[in-house]
Amino acid sequence: MVKTPYHEGEQAVQQRAGEGNPGWGSPMFDSAIPPQFDMFLRRQRMIVIGGVDGAGAAWSTVLTGPRGFTGAVDTHTIHVKALPVPGDPLETVFDGRRDIGMLAIEPQTSQRIRINGTAERDGDVLVVTTEQVLGNCPKYLQQRVLRPDRPGPLTPEVRRSTVLDAGQQAWITGADTFFIASRAPQHGADASHRGGAPGFVQVTAPDRIVWPDYFGNSFYMTLGNLQLDPACGLTFLDWESGHALHVSGTARIDWDESRTKAVQGALRLVEFAVEQVVEVRDFTTLRWKFAAPSPFNPT
């Protein structure tokens, strides 16, 4: 399938929102990796990735490693020396070449870059071929600092279900950050982040999640994908304990102004229908300490 730079989903959302212009969004970004982005990648301990499994379900997850575990080997290729842990919903997805969205996020400095393209596993390395490379603003990024890693090897414990239990619901409603993966035909996959004050994500039923969409860069790369394909995947990290909660399902944009006005800072709402839940205990050895909320968070 030949991918196209013009993204009709992004354009439709921009027009509905009254933002952007015909060249705004995906057409603005090329595939080359600037040297400063490579330097940024090489100092990271954590990379977010997103993809779609063989059944068409979208998932996001997090890969971690020592400084230098990821970096460019040429202007269009990145090597990530880490793979999804056993039981991760993306564990085997990249055994063959598939679309990938990648987000390099640095909580201690509130910086991030996004890289979209394709990826395939080569032994213990994930080889990413870039198609879009872009920097993002620091909006809604909470600051966290790394603490010493938890010692010893990981022993992941995986729980699967189709609805959220009480503990998982509390985890989500207490979160100030989550990661989201999406994909659209002819446009590939994308990984991004959403942030706000704790409570900005609401669980309205064991199989329903709602969050506000705040003012951003007006690219609408995530919502543009959802306009064309509602499948998406969310990841909520337990930053202090190293656990991860992955949720896959479908999302729709709620443009009802009467509902949106009730949520501080929201331009619209996103309603998410839960289809699959994968909780992984002992997911990563990384430990983070909360430092400061984003100054962009609505109060």
Side-chain angles (χ1 to χ4, degrees), residues 1-7 9-10 20 22-52 58 60-84 90 93-139 141 179-193 216-222 224-225:
M1 181 181 292
V2 177
K3 296 179 182 176
T4 60
Y6 174 82
H7 198 303
E10 293 174 7
W24 200 250
S26 290
M28 299 168 59
F29 309 110
D30 62 22
S31 57
I33 307 164
Q36 64 269 28
F37 280 20
D38 180 39
M39 293 174 61
F40 181 81
L41 287 171
R42 291 181 183 277
R43 71 174 188 248
Q44 301 313 309
R45 299 284 319 275
M46 175 182 75
I47 297 290
V48 181
I49 63 170
V52 176
S60 65
T61 194
V62 175
L63 304 179
T64 63
R67 285 172 64 98
F69 87 105
T70 184
V73 295
D74 60 41
T75 56
H76 293 82
T77 310
I78 294 168
H79 282 184
V80 183
K81 298 175 183 176
L83 298 171
L90 291 179
V93 165
F94 297 105
D95 288 354
R97 183 157 293 279
R98 304 292 289 271
D99 289 334
I100 190 171
M102 192 164 83
L103 172 69
I105 188 166
E106 192 170 67
Q108 58 268 44
T109 63
S110 299
Q111 297 182 71
R112 57 180 168 149
I113 62 172
R114 283 158 77 176
I115 296 164
N116 299 331
T118 61
E120 185 172 11
R121 176 180 178 174
D122 183 7
D124 294 331
V125 177
L126 189 63
V127 180
V128 179
T129 302
T130 61
E131 295 173 351
Q132 286 182 328
V133 180
L134 60 147
N136 269 179
C137 69
K139 287 189 178 76
L141 290 174
F179 306 114
I180 180 168
S182 60
R183 179 183 175 274
Q186 295 186 296
H187 300 293
D190 180 74
S192 190
H193 117 289
N217 52 28
S218 301
F219 297 156
Y220 293 114
M221 298 176 78
T222 298
N225 281 349

Is it true that a side-chain atom of [X] and a backbone atom of [Y] form a donor plus acceptor pair closer than 3.5 Å?
{"X": "N116", "Y": "Q132", "result": "no"}
{"X": "R45", "Y": "G65", "result": "yes"}
{"X": "D122", "Y": "V125", "result": "no"}

At what distance, to the nearest 0.5 angstrom, does [atom1] of [X] lie from [atom2] of [Y]?
{"X": "W24", "Y": "M221", "atom1": "CH2", "atom2": "CE", "result": "12.0 Å"}
{"X": "T130", "Y": "I33", "atom1": "OG1", "atom2": "CD1", "result": "4.5 Å"}
{"X": "I47", "Y": "M102", "atom1": "CD1", "atom2": "CE", "result": "5.0 Å"}
{"X": "R112", "Y": "H193", "atom1": "CZ", "atom2": "NE2", "result": "5.5 Å"}
{"X": "D190", "Y": "H7", "atom1": "CG", "atom2": "NE2", "result": "8.5 Å"}
{"X": "Q108", "Y": "R43", "atom1": "CD", "atom2": "CZ", "result": "8.0 Å"}

Handout entry: Side chains of T70 and Q44, donor plus acceptor under 3.5 Å
Key =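 No - no donor-acceptor pair under 3.5 Å links their side chains.
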Exercise for the section: Let me see the working for V52 and D99 under side chain to side chain contact (heavy atoms under 4.5 Å, CB included), right down to the final yes or no. Expected result: CA-CA 8 Å; V52 176; D99 289 334; over 6 Å; no
Practice task
Flag yes if more than 12 heavy atoms outside D124 fall under 6.0 Å of its CG atom; otherwise flag no.
Solution key: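 No - once you tally the heavy atoms of other residues, nucleotides and ligands closer than 6.0 Å, there are 12 at most.
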Practice task
Taking ring pair (Phe, Tyr, Trp, His ring centres under 6.0 Å) as the test, write out the residues that go with F29, two or more places apart.
Solution key: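 Residues passing ring pair (Phe, Tyr, Trp, His ring centres under 6.0 Å) with F29: F219.
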Problem - Which residues share a ring pair (Phe, Tyr, Trp, His ring centres under 6.0 Å) with F94, sequence neighbours left out - result: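 Listed in chain order: nothing, the list is empty.
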Problem - Working for side chain to side chain contact (heavy atoms under 4.5 Å, CB included), residues R114 and L103 - result: CA-CA 5 Å; R114 283 158 77 176; L103 172 69; 3.6 Å; yes
Problem - Counterpart residues, salt bridge (charged side-chain N to carboxylate O under 4.0 Å, His left out), relative to R98 (two or more places apart) - result: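 Residues passing salt bridge (charged side-chain N to carboxylate O under 4.0 Å, His left out) with R98: none at all.
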Practice task
Please say which of I100, L41, L134 ends up in a side chain to side chain contact (heavy atoms under 4.5 Å, CB included) with I115.
Solution key: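 Among I100, L41, L134, the one meeting side chain to side chain contact (heavy atoms under 4.5 Å, CB included) with I115 is L41.
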